[in-house]
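We're numbering straight along the sequence, starting at 1.
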Amino acid sequence: MASSLAVQSSPTPTASFFMSSSSLSRCSFAHTSLSFNGPRSRMAPRNTIKCDISEPLNFGNGKPTIPVLNDRTLPKFLEYPRVGKTVSRKDIRLKLFSGTANPSLSQEIARYMGLELGKINIKRFADGEIYVKLQESVRGCDVFLLQPTCPPANENLMELLIMIDACRRASAKNITAVIPYFGYARADRKTQGRESIAAKLVANLITEAGANRVLACDLHSGQSMGYFDIPVDHVYGQPVILDYLASKRICSSDLVVVSPDVGGVARARAFAKKLSDAPLAIVDKRRHGHNVAEVMNLIGDVKGKVAVMVDDMIDTAGTIANGAALLHEEGAREVYACCTHAVFRYSAHLIFLI
């Protein structure tokens, strides 16, 4: 014999329960209503709530315990708060967009992540102004904009700022500016009076445009991260270079890491620790002007060793070429030049290196 549990509304705080010994298989709910009659108000029960319990009631400690109801027995108006939505991998709200600075790099990144680049229209008007329009919705999405500010630095930087602004106005949830090569990074301090700190200015522009985070690779100096008022993820190309040197099977006792200038000593020291704590040498360099370098002397011993010069970028290659010539004069057996950002604006020094 099936048993039931009925809860009847009453005008008093107490409720009357009618119980029996076994369980039921269904649960049905009916609404109760209130009626007000005359100067005195009273609550008149119109309907009752009947529940069919799938488990017997437990009378432990003299009090009945009502088990949890099965989701399938709930009425529709009670199901939504209890039922969670399952999010598949295809519904992940992550989008990649590429600027025009290095589309091949963006394609490779998207292929590695198993994603497709988002559709975006970037064009330039006759007067040089840049036009950007997203061709798909980014509302509520985590957007990554792939745009290094390599030469032409001003064009690519302005394009990045307009891309960020377009995503912000399209209600993107988070905007991450992926800047493998951060332009103006070398203008990170004042070396003379009445100079600007352009790196700080560029950081302010990216922040004010609407970026929530910046991802950069091998900044010229770590202090550039402090110029941003938003989080900065600083990644390094060091593991790739180390894998290349490991493939050369050079004996660790023959290695010496060379910093091409005094400013890169910290970078070279960190690199040397990865190479079995190899010895360190420093090239003492004097500059007579921008992009003009003159090597003075070498601090350290490189005779009969394999010298590995490490720098963050090679622009005109003047520093690397002059440093390599000095290392050969000091008796280095082989010279390797390693960098993350190969700008290579002029080719005269590259012919020397080859």
Side-chain angles (χ1 to χ4, degrees), residues 94-99 101-102 105-106 108-110 112-113 142-151 153 156-157 159-161 163-164 167 172-191 196-245 257 259-275 280 308-315 319-320 337-343:
L94 187 149
K95 292 183 180 291
L96 304 178
F97 291 94
S98 173
N102 197 337
L105 174 63
S106 301
E108 188 173 350
I109 293 173
Y112 182 84
M113 297 182 64
D142 291 323
V143 177
F144 289 79
L145 303 178
L146 309 173
Q147 175 75 346
T149 55
C150 52
N156 292 327
L157 174 60
E159 183 179 307
L160 173 63
L161 297 177
M163 290 171 64
I164 294 173
C167 293
K173 181 181 178 182
N174 291 303
I175 303 172
T176 301
V178 181
I179 313 174
Y181 176 78
F182 182 68
Y184 292 98
R186 286 174 286 186
D188 56 358
R189 65 190 184 277
K190 293 181 65 173
T191 58
S196 68
I197 303 179
K200 172 60 176 175
L201 174 61
V202 173
N204 289 341
L205 290 173
I206 294 173
T207 303
E208 292 299 323
N212 302 108
R213 181 180 291 268
V214 169
L215 192 153
C217 181
D218 270 329
L219 293 170
H220 186 66
S221 62
Q223 69 195 37
S224 298
M225 291 187 287
Y227 294 156
F228 289 89
D229 296 326
I230 55 178
V232 177
D233 294 321
H234 189 199
V235 298
Y236 300 90
Q238 188 181 88
V240 179
I241 300 176
L242 290 173
D243 289 342
Y244 172 79
L245 294 176
V257 177
S259 174
D261 52 25
V262 177
V265 172
R267 183 186 305 108
R269 184 183 294 113
F271 193 84
K273 288 182 179 179
K274 299 291 185 179
L275 294 173
L280 186 67
V308 179
M309 286 193 297
V310 181
D311 208 349
D312 61 318
M313 71 174 72
I314 298 178
D315 188 355
T319 299
I320 294 295
C338 307
C339 76
T340 302
H341 308 294
V343 181

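Atom SG of C339 and atom CD1 of I320 lie 7.0 Å apart (nearest 0.5 Å). To the nearest 0.5 Å, atom CG of residue L145 and atom CE of residue M163 are 4.5 Å apart. S106 contributes atom OG, which lies 7.5 Å from atom CD of Q147 (distance to the nearest 0.5 angstrom). Rounded to the nearest 0.5 Å, atoms CG (N174) and SG (C167) are 11.5 Å apart. The OG1 atom of T191 sits 10.0 Å away from the CD1 atom of I197 when rounded to the nearest 0.5 Å.
In plain terms, the two heavy atoms of P148 and A101 that are nearest each other are O-CB, 3.3 Å. Closest heavy-atom contact between N102 and S98: O-OG, 4.4 Å. Taking both residues in full, the closest heavy atoms of E159 and G99 are given as OE2-CA, 3.3 Å, listed atom of the first, atom of the second, then distance. The heavy-atom pair separating L219 from S224 by the smallest distance is CD1-CB, 4.2 Å. Across V257 and A268, no two heavy atoms sit closer than the pair CG1-O, 3.6 Å.
Counting only residues at least two apart or on different chains, the side-chain hydrogen bond (donor to acceptor under 3.5 Å, both in side chains) pairs with a member in residues 201-215 are K200-N204, R213-D233. Contacts classified as ring-ring contact (aromatic ring centres under 6.0 Å, His included) and involving residues 196-235 (residues at least two apart or in different chains) are given here: F182-F228, H234-Y236.
Inter-residue side-chain proximity for Y184 and L201 is flagged as unmet; no heavy-atom pair is nearer than 4.5 Å. Contact annotation: the side chain of I164 approaches that of I206 to within less than 4.5 Å [non-hydrogen atoms, C-beta and beyond]. Side-chain contact check for V343 versus P151: some heavy-atom pair is nearer than 4.5 Å. Under the 4.5 Å side-chain criterion, counting only non-hydrogen atoms from C-beta, V214 is in contact with I230. With a 4.5 Å cut-off on side-chain heavy atoms, R267 and D311 count as touching.
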For this session: Apply the test side-chain contact (heavy atoms from CB on, under 4.5 Å) to residues I241 and F271: give CA-CA distance (whole Å), side-chain angles for both, the deciding distance (0.1 Å), then the verdict.
Result: CA-CA 10 Å; I241 300 176; F271 193 84; 3.6 Å; yes
For this session: Test T176 against D142 for side-chain contact (heavy atoms from CB on, under 4.5 Å), laying out the working first.
Result: CA-CA 8 Å; T176 301; D142 291 323; over 6 Å; no
Problem set entry | Verdict with supporting geometry, V178 and L96, side-chain contact (heavy atoms from CB on, under 4.5 Å) | CA-CA 10 Å; V178 181; L96 304 178; over 6 Å; no
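In this structure a side-chain-to-backbone donor-acceptor pair under 3.5 Å is present from N156 to C150. Remark: side-chain polar atoms of T149 are paired, donor with acceptor, to backbone N or O of Y181 under 3.5 angstrom. Side chain of D218 to main chain of G237: a donor-acceptor pair is present (N/O by atom type, distance under 3.5 Å, no hydrogens or angles).
The environment of Q223 atom CD is dense: over 12 non-hydrogen atoms of other residues, nucleotides or ligands sit within 6.0 angstrom.
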